[in-house]
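Every chain is numbered from 1, with letters handed out A, B, ... down the list of sequences. Please read all numbers here as calculations on a predicted model, not as lab measurements.
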Protein chains: 2
Amino acid sequence: MNFPSKLIEDAVNEFTKLPGIGKKTALRLVLHLLKEETKTVEMFGETVIRMRQDIQFCQKCHNVSDHPVCSICLDLSRDASILCVVENMRDVIAIENTHQYKGLYHVLGGVISPIDGIGPDNLHVDSLVDRVKKDEVKEIIMALNPTMEGDTTIFYISKRLRDQSVRITSIARGIAFGGELEYVDELTLARSIATRLPYENYLMNH
Amino acid sequence: MNFPSKLIEDAVNEFTKLPGIGKKTALRLVLHLLKEETKTVEMFGETVIRMRQDIQFCQKCHNVSDHPVCSICLDLSRDASILCVVENMRDVIAIENTHQYKGLYHVLGGVISPIDGIGPDNLHVDSLVDRVKKDEVKEIIMALNPTMEGDTTIFYISKRLRDQSVRITSIARGIAFGGELEYVDELTLARSIATRLPYENYLMNH
């Protein structure tokens, strides 16, 4: 694609570096910004730069935060005896949006994945063990994605916490509400039969 | 959606102002930028701001340009006696990418659309008439989208140029290569029959 302007070509190239944005979409975004007021575009660019420059990570849970300790960890109305272990900030947002969970979080920053060169040392596992030892944590809920890497990470963490008197649970895996049995993969279906619940418990969840 | 950080929320909101980008996509883009180096993100923001601040419009054809007159208008190897009238810069890029057109352009900046409050005075029609009068323009190719607004604009411009000895043509409309007759809309099919070509001309275009 030939551009009539180097300025536009540079801006398009910057946008194509973002995930899921190709040349055509990038050009559409750039042309949109061209039509906007200069002030609006300055606001856009500066907000994005400020976000990257000023962002911090919570010293306790490693979630992104505007302050040294994040608003969730500072919230005294939350139950500090339960930690929900997640991979990244996006999972925290997803769980927070359910409005069902009132404990704290611990963001690992990833999962163990030898193929990507990510070992336990690259994750915030040591600080999780420290929190369990120092704070009075009674339960750890593993809310990792149901993948090989997620399961490996859960296994590793549970071994590291073997000597601690903390209860380790995992979020339930099974057929999603609205899902149809015949389209569910075999592994999920097999697991959901193996981990079947007494009907009374099932009713309780409704 | 609740965000753990105001900085992230602001950045997500800025991205959602772009066309076709919703909250989830915006969050994905922001999280991608969070993982990048601060310098990379500064480069992104500054390039976009610079693009908007420094962009100019060619004094002759009104296409976007880095200089007072754009590189196409300055190119002496191009045929200045033919003007291709287009709606915006994107159409210029599309036609340039065919590598078939060697004339100059005239960017209207839109089409006449009473419903959007766009009249002839909001478009670069006067300067087009000036160019036809002053420069030795022999042919004007109307390359506007085949819509009601496009056709209205062509009609208006052709009336304005009635007294000039300039040939006015329109790009051919018909069945696209690879298109199947049965899926083509009636208007296009009817027009392509009405504007049928002698077979010799058809062969010439292959």
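- Among A/Glu46, A/Arg90, A/Lys17, the residue with the largest count of heavy-atom pairs under 4.5 Å with chain B is A/Arg90.
- The 12-atom threshold is exceeded at NZ of A/Lys102, counting heavy atoms of other residues, nucleotides or ligands nearer than 6.0 Å.
- Of the residues considered (B/Asp10, B/Leu34, B/Val48), B/Leu34 shows the highest number of contacts with chain A, using heavy-atom pairs under 4.5 Å.
- Heavy atoms closer than 4.5 Å to chain A are found in both the backbone and the side chain of B/Leu33.
- For A/Val12, no part lies near chain B; criterion is any non-hydrogen pair under 4.5 Å.
- The side-chain heavy atoms of B/Asn13 and A/Thr47, taken from C-beta on, include no pair separated by under 4.5 Å.
- When the candidates A/Glu37, A/Arg28, A/Arg50 are compared by the number of heavy-atom contacts under 4.5 Å with chain B, A/Arg28 comes out ahead.
- Both the backbone and the side chain of A/Met43 come within less than 4.5 Å of a heavy atom of chain B.
- At a heavy-atom cut-off of under 4.5 Å, chain A is reached by B/Ile55, B/Asn63, B/Val64, B/Ser65, B/Asp66, B/Ser71 from residues 55-75 of chain B, listed in order of number.
- With chain A as the partner, the residue from B/Glu14, B/Met89, B/Glu96, B/Arg52 showing the most heavy-atom pairs under 4.5 Å is B/Arg52.
- Contacts between A/Ile8 and chain B at a heavy-atom distance below 4.5 Å involve backbone atoms as well as side-chain atoms.
- Counting only heavy atoms from C-beta outward, the side chains of B/Leu31 and A/Asn88 never approach each other to under 4.5 Å.
- Atoms OG1 and CD1, on B/Thr25 and A/Ile21 in that order, are 8.5 Å from each other to the nearest 0.5 Å.
- Here the side chains of A/Glu42 and B/Gln53 are in contact, with some heavy-atom distance below 4.5 Å.
- Contact annotation for B/Asp54: both backbone and side-chain heavy atoms come within less than 4.5 Å of a heavy atom of chain A.
- Around the NZ atom of A/Lys35, the shell of radius 6.0 Å holds no more than 12 heavy atoms that belong to other residues, nucleotides or ligands.
- For chain A, the option among B/Ala94, B/Gly45, B/Gly20, B/Pro19 with the highest count of heavy-atom pairs below 4.5 Å is B/Pro19.
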